[in-house]
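Below: one structure, written as structure tokens.
Since we're looking at a predicted model, the values are computed, not measured.
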Amino acid sequence: MPAVAAVTACLALTSCGGGSTSSVVVSGSSTVEPISIAVAEFFTAGNEAEGNEKVSVSVDGPGTGDGFELFCDGLTDINDASSKIKPEQIEACESNGVEFIELPIGNDGIVMMTSESNTAVKCLSTGDIYALAGPESQGFETWAEADELATEVGGQGDLPDAPLDLIGPGEESGTYVSFVELAIEDIAEERGQELQTRPDYQASADDNIIVQGVQGSATSLGWVGFAFAREAEDVTMIEVDDGDGCVAPTETTIADGTYPLSRPLFIYVNKSVAAENDSLVRFVDHYLGEAVDSVADVGYVALSDTALAETRERWQSRTQGAA
Amino acid sequence: MSVMSNPATVGSTAATERVRRSITGGKADVKGTIFMLLMLMALLMSVVILAVLVIDMVTQGRTVLTERLGDFVTGSMSSQPEASGILQGLRGTFWIGVFTVVIAFPLGIASAIYLEEYAHHKSRVARFIDVNIRNLAGVPSVVYGILGLTLFVKAMGGIVGPNSNGRSVIAAGLTLAILVLPIVIITSAEALRAVPRGIREAGFGVGATRWEVTRHHVLPYAAPGILTGTVLALARSLGEAAPLILVGATTGYLSGGTEFLDLGALTDRFTALPIIITTWAGRPGEGWVSVTAAAIIVLLVVVLVANAAAILLRNRFDKKRG
């Protein structure tokens with residue numbers, strides 16, 4: 001009981017020791033989360049070293065979409081995003097009077113993987129990927145069944161006659177959205193199909209389980225982010241051909257965008273909070289300054305120097321809205 | 001103890017055997033033996049499952065626990081598994097335990113005393129309440145999470161977490177206190193019901209009031225049973241993750257949250273051990289696997305310490321009653 005009394009007393013006084021006066025709340029994509037966490041660590045350590053006023057920083061990763069809901073309700077200061085803000089999300093922000101600054105901070109690649117023991121598949125064209133995992137591929141149980149559709153949509157076809165064990169992220173994941181946008185959207189729109197993957201694949205929210213699934217079958221096909229694929233053992237990263245020859249997913253090909261299945265990563269900063277909250281300004285300065293190496297440190301591909309300069313310019317001029 | 005010291009039973013093993021043989025006609029009790037073995041297997045199964053879990057976790061988390069136990073226990077959440085620590089989680093879990101003990105225990109035990117000692121058992125209202133509490137004990141924990149989100153985080157956010165949009169350890173503690181309240185009530189009521197009527201009647205017989213009988217005779221007698229219930233409730237509240245996710249426990253990174261006794265920081269954002277475990281378990285790479293296992297071991301130890309404290313208390317009550 002004394003504890004409750006003390007807590008109540010504290011609440012009545014509103015400030016009794018230790019309660020922080022300024023805070024930075026980051027939420028959004030679980031893909032970008034590790035970058036923001038690394039930045040927050042640098043920021044907190046630096047802040048303490050300089051003896052500045054204590055800043056409470058918290059970072060969460062519920063997903064890009066959920067993050068934007070919080071962000072556009074004004075509940076968070078920064079939203080991490082693994083895909084660009086959508087028109088309906090912009091609308092939601094506008095209707096609540098939340099103005100944002102879009103800052104690209106790095107790149108991620110989606111990697112198509114198969115088991116190391118599968119030597120028949122080295123390179124897939126985007127058409128092949130559409131034919132294997134797109135909305136029209138429902139029911140295909142072997143790779144070869146997708147041949148006809150693959151050639152029809154401009155792929156190479158000539159796929160092995162082996163069972164097709166598909167595994168990938170579930171619909172709630174940012175990786176799913178990016179996969180659809182990067183690998184499926186163009187062809188699906190042309191053919192008047194729904195913008196989605198085939199429904200009959202093994203879906204998991206946990207990238208580790210996807211990697212395990214790919215390892216577990218000799219003729220598997222799975223897709224995850226580059227950071228996870230690079231850590232994975234006993235899997236082959238498949239090269240992807242978007243009409244300009246096969247490109248393997250590497251740091252370089254993802255950073256310069258030649259690898260077809262790569263995507264930019266963003267943070268979205270609440271503009272009006274940035275105008276009032278000095279801690280938030282210092283945090284973003286830090287994000288684009290000393291801590292920018294975190295992008296590469298946690299497994300993603302850093303921006304090129306020119307792209308980074310552009311991002312810094314967007315922040316310095318507080319450029320509002322999406323590019 | 002009175003039976004054992006009876007002189008008639010001393011050295012009577014042979015006699016018991018003789019009587020049993022005359023009843024069974026010298027045949028082996030096959031059914032009885034099979035039954036006993038089945039029961040033993042059931043018991044072994046749960047022991048084996050627990051052992052496998054503990055061994056698995058200890059093997060995976062061994063390096064963390066042996067090489068940097070101090071740093072691990074006093075460190076903060078981090079992007080790198082090698083630098084990760086669980087102090088913020090321990091703090092959150094500690095306060096959730098405090099709220100459970102301070103709010104759920106007195107409220108639950110008081111409710112049970114009213115239901116068992118004061119309310120008319122046959123009254124419709126008492127029966128209605130009783131049935132409802134039993135149902136509440138079976139409600140999934142996420143549902144309590146939603147309750148906590150609407151009631152404490154959203155409606156009372158200005159009080160429980162003015163600087164964290166209501167997502168504070170106070171909101172979490174209150175939510176979990178409510179979550180375990182029905183468990184405390186039910187187990188305490190069962191313990192009170194198990195007190196022989198004769199004890200109460202003897203009390204009333206010498207002119208004691210209902211309160212005096214409850215305070216001096218019924219409660220001490222029921223104390224061990226009540227404590228068992230509270231141990232279960234505390235362990236449950238320390239281990240729940242689902243409601244905390246809804247109440248808004250921070251999953252990724254938190255800069256503060258390391259000072260255990262800083263009451264002012266109770267309204268700040270928080271995290272807790274089960275949340276840390278859930279988050280780390282989903283991260284890629286060997287490093288996260290071992291810190292997750294180590295965090296699980298620490299959580300098991302925390303729950304064990306809480307249980308041990310309650311068992312010591314129970315033994316004390318048992319001796320008093322003896």
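Between the side chain of A:S23 and the backbone N or O of B:S164, no donor-acceptor pair lies under 3.5 Å.
Comparing A:V25, A:V24, A:V57, A:I209 by heavy-atom pairs within less than 4.5 Å of chain B, the highest count is held by A:V57.
For residues 243-253 of chain B, a heavy-atom distance under 4.5 Å to chain A picks out B:A249, B:T250, B:T251, B:G252, B:Y253, given by residue number.
Other residues, nucleotides and ligands place no more than 12 heavy atoms under 6.0 Å from the OH atom of B:Y114. The number of heavy-atom neighbours closer than 6.0 Å to CZ of A:F42, taken from other residues, nucleotides and ligands shown, is 12 or below.
Distance check: B:S76 OG to A:E41 CD gives 9.0 Å after rounding to the nearest 0.5 Å. Distance check: A:D60 CG to B:R167 CZ gives 9.0 Å after rounding to the nearest 0.5 Å.
In this structure, A:T44 and B:S255 approach most closely via the heavy-atom pair OG1-CB, 3.5 Å. The nearest pair of heavy atoms linking B:N165 to A:L75 is ND2-O, 3.2 Å.
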